[in-house]
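First up is the structure itself, then whatever we jot down about it.
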Amino acid sequence: MNYWLLKTEPDVFGIDDLAALGKLAEPWNGIRNYQARNIIRDQIKTDDLALIYHSSCKNVGVAGIGKVVSEAYVDPDQFDPESVYFDAKSSPEKPKWFRFDLRFVKKFSAIVSLPEIKSNPELANMVLLKQGRLSVQPVKDNEWKLICQLAQRKS
DNA sequence: GCCAACGTTGGC
DNA sequence: GCCAACGTTGGC
């Protein structure tokens, strides 16, 4: 099983929105970056776990945990001219973009903030800190464990 | 295939 | 709202 970090803007869709769905899954759509696409298409598997990271907001950081409940599948939004995620260069024969379904697992009692992550030497190699703009990224076992511990400590 | 111009992400 | 980082586009 693998660990991931998924960025999302809480003003659009955050941990509370995922929690509100309960056991229903949310399609993690709209990823339009090739590096993130390749990770989704080739690496993300059912039962993997993901840190939900809130970006572009007041309290930036990891807000909770979600679980992958599908394999990668073709994102239908890319064929819908009405969708903001429409891509005229993609076709059903040769789809460019993929998505997967995510289910709520838990919300941290407090955000594990970006400054907190930055100040922890054991987290210095997180992709989050190395590569600012990747919205789907791998998390190492020890990083996962430590962030969960930091979250636990707040409760 | 290079690279300048442009667009987007995302922290602050 | 600013701007640095960096991905994408398109002319040549």
Side-chain angles (χ1 to χ4, degrees), chain A residues 2-21 26-44 48-68 72-102 104-140 142-151 153-154:
Chain A
N2 290 307
Y3 297 123
W4 308 100
L5 181 147
L6 304 172
K7 286 185 190 170
T8 186
E9 297 184 20
D11 296 339
V12 180
F13 186 92
I15 193 72
D16 290 330
D17 300 294
L18 190 62
L21 291 175
E26 168 75 8
W28 211 257
N29 62 351
I31 304 293
R32 295 292 182 269
N33 165 288
Y34 287 108
Q35 209 180 339
R37 188 279 307 269
N38 292 346
I39 292 173
I40 291 171
R41 189 190 55 189
D42 306 333
Q43 297 185 48
I44 287 190
D48 284 354
L49 292 173
L51 298 172
I52 308 301
Y53 178 89
H54 285 177
S55 68
S56 300
C57 60
K58 273 192 177 167
N59 197 359
V60 168
V62 180
I65 295 173
K67 181 180 184 171
V68 177
Y73 60 99
V74 173
D75 185 346
D77 295 345
Q78 68 196 304
F79 309 127
D80 176 6
E82 304 290 312
S83 171
V84 285
Y85 299 124
F86 177 66
D87 185 344
K89 292 180 184 165
S90 188
S91 70
E93 294 74 31
K94 264 195 157 182
K96 285 172 67 181
W97 308 111
F98 295 81
R99 74 189 199 188
F100 58 93
D101 295 337
L102 190 80
F104 175 74
V105 173
K106 74 162 15 172
K107 178 185 176 179
F108 291 161
S109 50
I111 298 269
V112 177
S113 72
L114 181 61
E116 200 174 344
I117 291 168
K118 278 183 176 168
S119 68
N120 193 314
E122 291 183 63
L123 297 175
N125 288 319
M126 280 192 78
V127 179
L128 181 68
L129 304 183
K130 295 280 181 183
Q131 192 176 343
R133 301 178 47 190
L134 189 58
S135 57
V136 176
Q137 53 181 259
V139 173
K140 294 183 201 72
N142 66 307
E143 294 164 349
W144 176 275
K145 210 171 160 184
L146 187 50
I147 286 179
C148 290
Q149 280 170 8
L150 292 173
R153 218 160 61 196
K154 294 168 185 285

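Note that this is a predicted model, so its numbers are computed, not measured. A, B, ... follow the sequence lines: proteins, then strands. Residue 1 opens every chain.
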*Can you sort out the partners of A:Lys96 under salt bridge (Lys or Arg N to Asp or Glu O under 4.0 Å), two or more places apart, ordered by chain and number?*
A:Asp87
_Those residues that, when tested against A:Asn2, pass side chain to side chain donor-acceptor pair (under 3.5 Å) (two or more places apart)_ = none
*Would you mind classifying the nucleic acid contact of A:Ser56 as base, sugar-phosphate or nothing, using non-hydrogen atoms under 4.0 angstrom?*
base
_Set of residues satisfying ring pair (Phe, Tyr, Trp, His ring centres under 6.0 Å) with respect to A:Phe79, sequence neighbours excluded_ = none
*Can you sort out which residues in residues 110-125 of chain A have a heavy atom within less than 4.0 Å of DNA chain B? Ascending by number, please.*
A:Leu114, A:Lys118
*asked:* Run the salt bridge (Lys or Arg N to Asp or Glu O under 4.0 Å) test against A:Glu26 and tell me which residues pass, sequence neighbours left out.
replied: none
*Could you check which residues of residues 127-134 of chain A get a heavy atom under 4.0 Å from DNA chain B? Sort them by number, please.*
A:Gly132, A:Arg133
*Sequence neighbours left out, what passes salt bridge (Lys or Arg N to Asp or Glu O under 4.0 Å) with A:Arg133? Give chain and number order.*
none
_Among residues at least two apart in sequence or on other chains, which ones pass ring pair (Phe, Tyr, Trp, His ring centres under 6.0 Å) with A:Phe86?_
none
*asked:* For A:Trp4, give me all partners under ring pair (Phe, Tyr, Trp, His ring centres under 6.0 Å), at least two apart in sequence or on another chain.
replied: none
*asked:* Which label fits A:Phe13 and A:Trp28: parallel for a plane angle under 30°, tilted from 30 to 60°, or perpendicular past 60°?
replied: perpendicular
*5' to 3' on DNA chain B, which nucleotides open and close the contacts with chain A (atom under 4.0 Å from a heavy atom)?*
B:dG7 to B:dC12
*Under the salt bridge (Lys or Arg N to Asp or Glu O under 4.0 Å) rule, collect the residues that match up with A:Lys140, sequence neighbours excluded.*
A:Glu143
_For A:Gln43, give me all partners under side chain to side chain donor-acceptor pair (under 3.5 Å), at least two apart in sequence or on another chain._
none
